[in-house]
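Here's the structure, in structure tokens; my notes come after.
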Amino acid sequence: MVMNGKLQVRVLSCSLHSSSETFWTTTGMFPQEFIIGFPKCVKISKVAIQTYLVRTLRIERSSSEDPVDFEECIEKDLEHTEGQLQKEEFPLPEFQATYLRFIIKSAFDHFVSVHRVIAEGTAENP
């Protein structure tokens, strides 16, 4: 979405629609990770994620053309929410990123799921 000459960046991961019933699940061992790439470098101001049974989550960024040279943005121990999705928002100081890497370092069970990821920010129009 373009607003005031800037592009609103919203990423939905793990599905092509906004249903929380569609998700990505781990294969059992930790750490597990996934990377989201943007078509060009953007300024990220907030990341929101919906997960289930994640204990420790780290978010890293890279502004390289390839998904290398990641820097840690935040690491957090999430609260265990029995039978409900964990909904976390991470307001961040605006930073440049071409890639975001999400590392699930530990969990409350053998398997976890990621239901939704939203990265908010702006990208200058070409």
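Hydrogens, waters and symmetry mates play no part in the numbers below; they use all other heavy atoms, side chains included.
Between F23 and H115, the ring planes lie tilted relative to each other; the angle falls in the 30° to 60° range.
Contact between F108 and L78 at its shortest, heavy atoms only, is CZ-O, 3.5 Å. Nearest heavy-atom pair across A107 and F30 is CB-CZ, 3.4 Å. When every heavy atom of L85 is checked against every heavy atom of Y52, the shortest pair comes out as CD2-CB, 4.1 Å. When all heavy atoms of F95 and C73 are compared, the pair lying nearest together is CZ-SG, 3.7 Å. Residues L100 and F70 share a closest heavy-atom pair of C-CE2, 4.3 Å.
Once rounded to the nearest 0.5 Å, the distance linking CD1 of I74 with CG of L57 reads 9.0 Å. Of the inter-residue distances, the one linking C41 atom SG with Q96 atom CD reads 4.0 Å to the nearest 0.5 angstrom. K43 NZ to E94 CD: the interatomic distance, rounded to the nearest 0.5 Å, is 5.5 Å.
The shortest distance between side-chain heavy atoms of E75 and K105 falls below 4.5 Å. Side-chain contact between F90 and I59: present, with at least one pair of heavy atoms (C-beta onward) separated by less than 4.5 Å. Side chains of V114 and F102 form no contact here, defined as non-hydrogen atoms less than 4.5 Å apart. Between H80 and E82, the closest side-chain pair of non-hydrogen atoms falls below 4.5 Å.
Looking at S113, its side chain never comes within 3.5 Å of a backbone N or O of T25 through a donor-acceptor pair. In this structure, the side chain of Y99 engages the main chain of E65 through a donor-acceptor pair within 3.5 Å. Panel note: side chain Q86, backbone V54; a donor-acceptor pair is recorded below 3.5 Å. The closest donor-acceptor contact from the side chain of S62 to the backbone of P67 lies at 3.5 Å or more, if one exists at all.
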(request) Go through V112 and Q32 one step at a time and tell me if the side-chain contact (heavy atoms from CB on, under 4.5 Å) criterion holds. (result) CA-CA 10 Å; V112 306; Q32 294 270 327; over 6 Å; no
(request) May I have the step-by-step check of side-chain contact (heavy atoms from CB on, under 4.5 Å) for R58 and E60, ending in yes or no? (result) CA-CA 7 Å; R58 177 190 292 170; E60 300 177 342; 3.1 Å; yes
(request) Start with the C-alpha gap between T51 and E88, add the side-chain angles, then the distance that decides, and say whether side-chain hydrogen bond (donor to acceptor under 3.5 Å, both in side chains) holds. (result) CA-CA 8 Å; T51 59; E88 293 289 333; over 6 Å; no
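Using modelled atom types and a 3.5 Å distance limit, the side chains of T56 and S106 yield a donor-acceptor pair.
Taking hydrophobic clusters as Ile, Leu, Val, Met, Phe, Trp and Tyr residues chained together by side-chain heavy-atom distances below 4.5 Å, W24 does not share a cluster with I103. When hydrophobic clusters are built by joining Ile, Leu, Val, Met, Phe, Trp and Tyr residues whose side-chain heavy atoms come closer than 4.5 Å, directly or via intermediates, L92 is not grouped with I35.
In summary, R61 and E72 do not engage in a salt bridge, as defined by a charged side-chain N under 4.0 Å from a carboxylate O.
The local environment of NE2 in H110 is sparse, with at most 12 non-hydrogen atoms from other residues, nucleotides or ligands closer than 6.0 Å.
Just one of R116, K76, K46 meets the salt bridge (Lys or Arg N to Asp or Glu O under 4.0 Å) condition when paired with E89; it is K46.
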